[in-house]
Amino acid sequence: MSPPTLIDQPSTVATAPVALSYELFPPRSPAASETLWATIRELEATDPDYVSVTYGASGSNHDTALDLVDRLQLETTLRPLAHLTCVGGTPEELSRIVNELLDRGVRGILALRGDQPKDGHVPPGALRYAQDLIELIRRVELRRSAQFAAGKVAIGVAAYPTKHPESPSEGHDVEVLLAKQRSGADFAITQVFFHAEQYASLLHRARRAGVTIPLIPGVMPLTSLRRIEKLSALSGVSPDAAFVDRMRSATDEAEARRLGVEATVALAESSLDAGAPGLHLYTFNEHASSLDVLTRLDLPRPARPSLAARRRSTLS
Ligand code: FAD
């Protein structure tokens, strides 16, 4: 049995602000970029702690991902958390990309494996698991440590409230999470889940196993049935059948949206009650649903002057 951790105890969590972050993906066309930037401006006004930028498996969108990270740093007050996938990449290729991110001023990396290549073949010497990438990032960081007096590299990892599709068991997933923590992970963001008990159970099992890092629930606004079904097919995570029925029988889009926001708020509130230290919203590059959810939640956020407001006042 591992020593108790203070991180989830109500007495400490109650006084801590709830962390807030969003996931964005690099746009695939000029039109998508325009919509994304309208979304970014709306999200910026909520003063999140960071926004994460996804990265294609095998680096398929390397350039657009880095462009988005650059623009976020240069043109907004937002701090980027750059996702990076590693499976099949060589240590040389991946250290080059990590150095590229650090050169650009990035100080947060979400270290991921990414999807296995279709034929399952990983070349000899290539990285296999997220854990390999964490260790590589820490080695690169060590070589450049003189630069990090004003902020070290924060490494996040993926965590799974329900079994990872390739994993033999939920117990194995927790062992992997513990191994990622030992290799240097600072926090984890969860895969989408549809039942707060799944998050609560992960938190309980992980803490018992000795995982002490924050486990931030990844919450998807449940306003689009099409998206819920697509994601559930991809991740193997099933939504609540009664909720899906209610969404199907919604009289119009507005009714479906109201039901979706209500269900998301309930999921987020129950996760916070279970000890979640924050919320990471999967925005799908749209702001409206996320903002509706946030308005209803009214999270305790840091009482600092909003960076966005400060930025606006310096521009006017
Ligand atoms: P790992 O932790 O390496 O685990 C992968 C599998 O290997 C698991 O089954 C695990 O049990 C097993 N395993 C791990 N280490 C070991 C070991 N040492 N020995 C034996 N078995 C082991 N994908 C993208 O392509 N781009 C993204 O931007 C992206 N962002 C994501 C963000 C979040 C918050 C989450 C939750 C997922 C994201 N993904 C992304 C999906 C992710 O790449 C997949 O879920 C992938 O299948 C596993 O990634 P991982 O980092 O959890 O891998």
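Small disclaimer: the values here were computed from a predicted structure and weren't measured. One is the number of the first residue; the rest follow in order along the sequence. Just so you know, these numbers use all the heavy atoms, side chains as well, and skip hydrogens, waters and symmetry mates. In listed order, ligands and their atoms are each counted from 1.
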Can you confirm whether L94 sits close enough to D132 that some side-chain heavy atom of one is under 4.5 Å from a side-chain heavy atom of the other?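 No, side chains not in contact.
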
Among all residues two or more places apart in sequence or in another chain, which pass the side chain to side chain donor-acceptor pair (under 3.5 Å) test with E286?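 Partners of E286 by the side chain to side chain donor-acceptor pair (under 3.5 Å) criterion, ordered by chain and then number, come out as R227.
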
Is it the side chain (CB and beyond), the backbone, both or neither of [X] that lies under 4.0 Å from ligand 1, heavy atoms counted?
X: V176; answer: side chain
X: Q131; answer: side chain
X: F25; answer: neither

Using modelled atom types and a 3.5 Å cut-off, is there a donor and acceptor pairing between side-chain atoms of K180 and backbone atoms of A158?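 Side chain of K180 to backbone of A158, a donor-acceptor pair under 3.5 Å: yes, one is there.
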
Spell out, as yes or no, whether a donor-acceptor pair under 3.5 Å connects the side chain of E23 to the backbone of H280.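 Flag not set: sc E23 to bb H280 has no pair under 3.5 Å.
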
Can you tell me if CD on E34 sees more than 12 non-hydrogen neighbours from other groups inside 6.0 Å?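 12 or below, so no.
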
Are there over 12 heavy-atom neighbours, none belonging to R28, within less than 6.0 Å of that residue's CZ?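 Atom CZ in R28 is not packed in, count stays at 12 or less.
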
Using a 4.0 Å cutoff against the non-hydrogen atoms of [X], which atoms of ligand 1 qualify?
X: T54; result: 28 (O)
X: A158; result: 35 (C), 36 (C), 52 (O)
X: L110; result: 32 (C)
X: A57; result: 25 (O)
X: D173; result: 11 (O)
X: S167; result: 9 (O), 11 (O)
X: T85; result: 24 (C), 25 (O), 26 (N)

V98 and V87: same hydrophobic cluster, using ILVMFWY side-chain contacts below 4.5 Å?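 Result: no, two separate clusters.
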
In this structure, would L222 and L259 fall into the same cluster of hydrophobic residues linked by side-chain contacts under 4.5 Å?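 Yes: a chain of side-chain contacts under 4.5 Å links L222 to L259.
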
Nearest to [atom], what protein heavy atom do you find, and at what distance?
atom: atom 26 (N) of ligand 1; result: Y55 O, 2.6 Å
atom: atom 38 (C) of ligand 1; result: L112 CD2, 3.8 Å
atom: atom 17 (C) of ligand 1; result: Y129 CE1, 3.6 Å
atom: atom 44 (C) of ligand 1; result: Y160 OH, 3.7 Å
atom: atom 33 (C) of ligand 1; result: Y282 OH, 3.9 Å

Report the member of H83, K163, Q191, E170 with the shortest heavy-atom distance to atom 28 (O) of ligand 1.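 Minimum heavy-atom distance to atom 28 (O) of ligand 1 goes to H83.
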
Would you tell me which option among H172, E166, H164 has the nearest heavy-atom contact to atom 8 (C) of ligand 1?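 It is H164 whose heavy atom sits nearest to atom 8 (C) of ligand 1.
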
How long is the span from the CG atom in D47 to the CZ atom in R301, to the nearest 0.5 Å?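 Between D47 CG and R301 CZ, I get 6.5 Å after rounding to 0.5 Å.
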
Quick one: pull up CD1 in I97 and CG in D103 and give me the separation to the nearest 0.5 Å.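 Rounded to the nearest 0.5 Å, the CD1-CG separation comes to 12.5 Å.
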
When you compare ligand 1 with A159, is there at least one nitrogen or oxygen pair between them that comes in under 3.5 angstrom?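 So ligand 1 has no N or O lying under 3.5 Å from an N or O of A159.
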
Backbone or side-chain N or O of R113 under 3.5 Å from ligand 1 N or O: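 For ligand 1, there is an N or O atom that lies under 3.5 Å from one belonging to R113.
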
Please verify the inter-ring angle class for F284 with Y282; under 30° counts as parallel, over 60° as perpendicular, anything in between as tilted.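 Plane angle between 30° and 60°, so tilted.
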
Please tell me if atom 41 (C) of ligand 1 is touched by the protein, where touching means a protein heavy-atom distance below 4.0 Å.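 No.
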
Any protein heavy atom < 4.0 Å from atom 4 (O) of ligand 1: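 No, no protein heavy atom sits under 4.0 Å from atom 4 (O) of ligand 1.
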
Less than 4.0 Å between a side-chain N and a carboxylate O, is that true for E269 and R296?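 No, no charged N to carboxylate O under 4.0 Å.
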
Do E93 and R96 sit within salt-bridge range, that is, some charged N less than 4.0 Å from a carboxylate O?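 Salt bridge absent between E93 and R96.
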
With a 4.0 Å cut-off on heavy atoms, is L177 touching ligand 1?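 No heavy atom of L177 comes that close to ligand 1.
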
Within-shell test, K180 vs ligand 1, heavy atom, strictly < 4.0 Å: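 Yes, K180 has heavy atoms under 4.0 Å from ligand 1.
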
Side-chain hydrophobic cluster, 4.5 Å single linkage: members besides L234: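 For L234, no cluster forms, as it stays isolated from other hydrophobic side chains.
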
